[in-house]
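The structure appears right after this line, and notes come after that.
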Amino acid sequence: GAVVSQHPSRVICKSGTSVKIECRSLDFQATTMFWYRQFPKQSLMLMATSNEGSKATYEQGVEKDKFLINHASLTLSTLTVTSAHPEDSSFYICSAKWGISGGYEQYFGPGTRLTVT
Amino acid sequence: AQSVAQPEDQVNVAEGNPLTVKCTYSVSGNPYLFWYVQYPNRGLQFLLKYITGDNLVKGSYGFEAEFNKSQTSFHLKKPSALVSDSALYFCAVRDRGASDYKLSFGAGTTVTVRA
């Protein structure tokens with residue numbers, strides 16, 4: 001099946017620093033990846049759609065200068081949280097679009113727990 | 001516009017009993033429907049999807065879901081629940097006519113199966 005990995009699984013950083021999270025599709029090519037944020041016991045909030053070779057499309061209310069997304073290859077998308085603050089602490093999950101036709105599924109990474117101190 | 005409602009925050013069942021997790025959806029056109037499960041501090045795992053055809057969809061780990069167009073529902077079911085089924089379940093929808101492949105998720109239902 002389609003496997004998506006994320007690295008790191010857990011990161012603690014100091015306020016004001018930047019953190020990069022990687023999302024990789026391991027056994028398939030993903031032209032489209034998605035980045036979500038999830039607060040405890042809540043649903044997933046879509047942050048942005050990442051398309052290989054082009055700029056990401058951000059959802060309303062998401063600061064594109066704060067959450068930098070780069071989809072440089074068909075198997076890798078990165079999310080960089082710049083100048084992180086404690087309110088950026090959250091669980092970040094990526095997914096990759098995969099399917100033959102029509103009913104494309106999203107396969108999700110295991111998530112990255114970011115804690116900003 | 002598309003949206004999903006999961007009316008129950010929590011579902012509690014005894015092991016061996018049937019499990020049902022409810023989901024209703026709203027889309028402008030026809031839907032693609034999905035169920036995912038999330039264990040603590042993990043990403044989402046795909047369970048099953050409805051694309052077209054048979055309204056009863058069978059998925060992983062003995063789960064199934066029934067698509068009901070007239071009631072705009074896609075309830076998840078398992079005939080005999082296991083303690084290991086205890087997790088957070090998400091229903092999601094995508095409009096077939098949409099080209100952005102975005103999913104809309106429900107708020108999630110926490111399932112607790114007691115031994």
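Chain A is the first sequence line, chain B the second, and so forth, proteins listed ahead of strands; every chain is numbered from 1.
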For residues 65-80 of chain B, which side-chain N or O atoms pair as donor and acceptor with protein atoms under 3.5 Å away, sequence neighbours left out?
| from | atom 1 | to | atom 2 | distance (Å) |
| --- | --- | --- | --- | --- |
| B:Asn68 | OD1 | B:Ser70 | N | 3.2 |
| B:Asn68 | OD1 | B:Ser70 | OG | 2.8 |
| B:Asn68 | OD1 | B:Gln71 | N | 3.0 |
| B:His75 | ND1 | B:Cys23 | N | 3.0 |
| B:His75 | ND1 | B:Cys23 | O | 3.4 |
| B:Lys78 | NZ | B:Tyr61 | O | 3.0 |
| B:Lys78 | NZ | B:Asp85 | OD1 | 3.1 |
| B:Lys78 | NZ | B:Asp85 | OD2 | 2.9 |
| B:Ser80 | OG | B:Gly16 | O | 3.4 |

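For A:Gln38, the part lying near chain B is the side chain, with the backbone staying farther off; criterion is any non-hydrogen pair under 4.5 Å. Using a 4.5 Å cut-off between heavy atoms, B:Gln6 makes no contact with chain A at all. Residue contact with chain A, scored on non-hydrogen atoms closer than 4.5 Å, involves the side chain of B:Tyr36 exclusively.
Atom NE2 of A:His85 sits in a crowded spot, with more than 12 heavy atoms from other residues, nucleotides or ligands closer than 6.0 Å. The number of heavy atoms from other shown groups lying within 6.0 Å of NZ (A:Lys20) does not exceed 12. Atom CZ of A:Arg10 has 12 or fewer heavy atoms from other residues, nucleotides or ligands within 6.0 Å.
One distance of note links CG of A:Leu44 with CD of B:Gln38; it measures 6.5 Å at 0.5 Å rounding. One distance of note links NZ of B:Lys102 with CZ of A:Phe34; it measures 8.5 Å at 0.5 Å rounding.
Chain A is approached within less than 4.5 Å, heavy atom to heavy atom, by B:Leu103, B:Phe105, B:Gly106, B:Ala107 from residues 103-115 of chain B, ordered by number.
B:Val37 and B:Leu33 fall within the same hydrophobic cluster, where Ile, Leu, Val, Met, Phe, Trp and Tyr residues are linked whenever their side-chain heavy atoms come under 4.5 Å apart, directly or through other members. Criterion: ILVMFWY side-chain heavy atoms under 4.5 Å apart, direct or through other members. Under it, A:Phe91 and A:Tyr107 are part of a common hydrophobic cluster. Hydrophobic clustering places B:Tyr39 together with B:Val13 (ILVMFWY residues linked when any side-chain heavy atoms are closer than 4.5 Å, directly or through intermediates). A:Leu46 and A:Ile69 end up in different hydrophobic clusters when Ile, Leu, Val, Met, Phe, Trp and Tyr side chains are linked at under 4.5 Å. A:Tyr36 and A:Phe67 fall into different hydrophobic clusters, where Ile, Leu, Val, Met, Phe, Trp and Tyr residues are linked whenever their side-chain heavy atoms come under 4.5 Å apart, directly or through other members.
For the pair A:Gln106 (side chain) and B:Tyr101 (backbone), a donor-acceptor distance under 3.5 Å is present.
Taking chain B as the reference chain and counting heavy-atom pairs below 4.5 Å, the highest number among A:Gly109, A:Gly111, A:Ser9, A:Pro110 is found for A:Pro110.
With a 4.5 Å cut-off on side-chain heavy atoms, A:Thr49 and B:Asp100 do not count as touching.
What you find for A:Glu105 and B:Phe34 is that their closest heavy atoms are CG-CE2, 4.0 Å.
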